[in-house]
Amino acid sequence: MSDLLSSLNPSQQEAVLHFEGPALVVAGAGSGKTRTVVHRIAYLLRERRVYPAEILAVTFTNKAAGEMKERLEKMVGRPARDLWVSTFHAAAVRILRTYGEYVGLRPGFVIYDEDDQNTLLKEVLKELELEAKPGPFRAMIDRIKNRGAGLAEYMREAPDFIGGVPKDAAAEVYRKYQSGLRMQGALDFNDLLLLTIELFEQHPEVLHKVQQRARFIHVDEYQDTNPVQYKLTRLLAGERPNLMVVGDPDQSIYGFRSADINNILDFTKDYPGARVIRLEENYRSSSSILRVANAVIEKNALRLEKVLRPTRPGGEPVRLYRAPNAREEAAFVAREIVKLGNFQQIAVLYRTNAQSRLLEEHLRRANVPVRLVGAVGFFERREIKDLLAYGRVAVNPADSINLRRIVNTPPRGIGATTVSRLVEHAQKTGTTVFEAFRVAEQVISRPQQVQAFVRLLDELIEAAFESGPTAFFQRVLEQTGFREALKQEPDGEDRLQNVEELLRAAQDWEEEEGGSLSDFLDSVALTAKAEEPQGDAPAEAVTLMTLHNAKGLEFPTVFLVGLEENLLPHRNSLHRLEDLEEERRLFYVGITRAQERLYLSYAEERETYGKREYTRPSRFLEDIPQDLLKEVGAFGDSEVRVLPQARPEPKPRTQLAEFKGGEKVRHPKFGSGTVVAAMGGEVTVMFPGVGLKRLAVKFAGLERLE
DNA sequence: ACGGCTTGCCTTTTT
DNA sequence: GGCAAGCCGT
């Protein structure tokens, strides 16, 4: 037993030794959270004689689940394989694949992704003769389902118009969307959880069975659970909850997905008698980095006090670089990275995916290998989606969304007119589109192509039963001329590469997990973009990703770029305090990813949609005491003066003395102007020929003129 | 039926 | 500035 505890601090030990009853582990960034949970599970197995098949651990991503399982296997060996470690959604799929029929699910149900949702919504909108885009309706549907509130409740508070359509009509869109899903034997992502709850509520005996499999429950990243996940947890935990939740309210960054930070803040009310354990010692970051992190997060008003204590020495100062524009910012990042080397130890983090382009460009130009996480999903590429659609239809021929996707891919002479005639027939006779295809000779005059297509599908349906995913996709490729057709297209070679990559991914999956085509499709649907196969990515590469994707990770060196108003905090989050504070948490998450070296940067000019915009530095930078930052020039710590591009060091800062209206000032970029107003750390200055500018005194580098 | 072109929209973040 | 959807011409 000592080896389970000896390497842990007293709070971590307390968590590991906790046995029955509810417990909340408030675990600050880098405080050894995963380690603690892993040790706790090992402790349950070894010392408390709990069976592995009685333990459930819910993680935020499949990747996190995989890593936890791996660590457990190292620690306790074989029994780890019987542990249930998964995300909420993967757990729900497993439950529904077993018991789904109790709530009217067909065994071959498919999971619709965002794309499929949009396609279905477009059909619904057309049917209702509404001229609108699917986007807002998908947002509405997700909102309704993430809260688990139901349509009626949502409608009570909904705005009068949704997506430019009166809300009564929007409600009809919702209903039609739902019945569309049901008719096709499809579920969207959120349905997975909702239907599991329905199953548990209507069939207590099923809940009871699952509870046997989950006598000890762990929920990681509890601060990011939404009301539906909260309810599911409650149901599973039951009357005598052996529930340990782990999280950090300061890292709650999924409010947009209806994650409710109150779930973690109210845990002790929801589960009376819960033990509260705080992990506040940080083992990850140098104390200079940690001081910056603490300074930032303590500015949040809606927050429980908590300070992360450093265990590591000071280290290098946190650097700040002000770039004249986004290009220069990217060039700076690339230059510094070349100087640093050790690419796999470096991450560049940003708020929006769009920011990755410039960075990637400059890094590649500097011959730095790049691993771009999560931007364009592998499984979202058109050719991959097409192939997967064959699988979905073979598993569930009622899926007409995917059927229509493949009907003429590759082109086989079945055009739009033909399809719409057959779809109409299906609607009239109340059958599936595939059934209409079967009786094509009754509907259209030249049914040969359609009939050939039906024969192909029948073969594939059979193949889906008999073979695993790899063999299935190979068969599709052989029988459809998919490869040949792809080669004709622009970037055909690249796309073909992707196809080969899919085959490889399927093969890997069969070796590791194993299972049917349907299982493989589930696993694809549940895999986040950020966890996808990286095929060509070299081992030694710099990681580029959004702040959201960086949660839970750590890197010796981190670049946090684009620290500008309207980007971080994002322009859509400026108006409500909750949103603004979530942005600040996002910044905090970014800072706390860094172990040894942290660079912050912003650009004074940036193109958005190809339009040039002047920016202001992020207000979050003002949260950091100046003595914790070291401002660096375009070439890093050592000033380079000879190169013509080298910008002169900014003028010695004007002390933070207040400016007054009427004073003349000079700005390095805008020239001289007159102060119009000054408030807080901001001044508004009129620059002749440029216009009114609002500037942060701290960063504007204003010089007072006499 | 299909390919090439224009247009319009986009960017918050994702299991 | 890019990308997908929709238009138009063949």
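We name chains A, B, ... by the order of the sequence lines, and we start the count at 1 in each one.
Between A/Leu547 atom CG and B/dT12 atom P the separation is 15 Å, expressed in whole Å. Between the C1' atom of C/dC3 and the CG atom of A/Asp115 lies a distance of 14 Å, rounded to the nearest Å. The interatomic distance linking A/Tyr230 (OH) with B/dT15 (P) rounds to 25 Å, in whole Å. When rounded to the nearest whole Å, the span between OH of A/Tyr350 and C1' of B/dT11 equals 13 Å. Here B/dT12 presents its C1' atom at 13 Å from NE2 of A/His575, a figure rounded to the nearest Å. With rounding to whole Å, A/Lys611 atom NZ is found 15 Å from C/dG1 atom P. Regarding A/Ile414, its CD1 atom lies at a distance of 10 Å from the P atom of B/dC2, rounded to whole Å. Between the CG atom of A/Leu358 and the C1' atom of B/dT11 there is a distance of 14 Å, rounded to whole Å.
Among the protein residues, A/Phe88 comes within range of no part of the nucleic acid, since none of its heavy atoms lies under 4.0 Å from any strand.
For A/Tyr230 and A/Arg234, the side-chain atoms include at least one donor-acceptor pair closer than 3.5 Å. In the model, A/Gln223 has a side-chain atom that pairs as donor or acceptor with a side-chain atom of A/Glu221 under 3.5 Å.
OP1 or OP2 of B/dA1 lies within a sub-4.0 Å distance of a side-chain N or O belonging to A/Thr418. Here A/Asn572 reaches the OP1 or OP2 of B/dT12: one of its side-chain N or O atoms lies under 4.0 Å away. Residue A/Asn408 places at least one side-chain N or O closer than 4.0 Å to OP1 or OP2 of B/dC2. For the pair A/Thr546 and B/dT14, the criterion of a side-chain N or O lying under 4.0 Å from OP1 or OP2 is met. For B/dT14, the OP1/OP2 oxygens have no side-chain nitrogen or oxygen of A/Asn146 closer than 4.0 Å. For B/dT15, the OP1/OP2 oxygens have no side-chain nitrogen or oxygen of A/Asn190 closer than 4.0 Å.
Checking B/dT15, C/dG2, B/dT13 against every side-chain atom of A/Arg357, the shortest atom distance belongs to C/dG2. Comparing C/dG1, B/dT13, B/dT15 by their closest approach to the side chain of A/Tyr609 singles out C/dG1.
Taking OG1 of A/Thr592 as the start and CG of A/Asp248 as the end, the distance is 8.0 Å to the nearest 0.5 Å.
With its ring centre under 5.5 Å from that of the base six-membered ring and a plane angle below 30°, A/Phe256 counts as stacked on B/dT13. Stacking of A/His570 onto the six-membered ring of B/dT12 is present: less than 5.5 angstrom between centres, less than 30° between planes.
Separating the C1' atom of C/dG6 from that of B/dT11 is a span of 22 Å, rounded to the nearest Å. Spacing of P atoms, C/dA4 relative to B/dT13, comes out at 16 Å, to the nearest Å.
Ring planes of A/Tyr254 and A/Phe60: tilted class, angle from 30 to 60°.
Taking the six-membered ring wherever Trp is involved, the centroid distance between the rings of A/Phe267 and A/Tyr222 falls below 6.0 Å.
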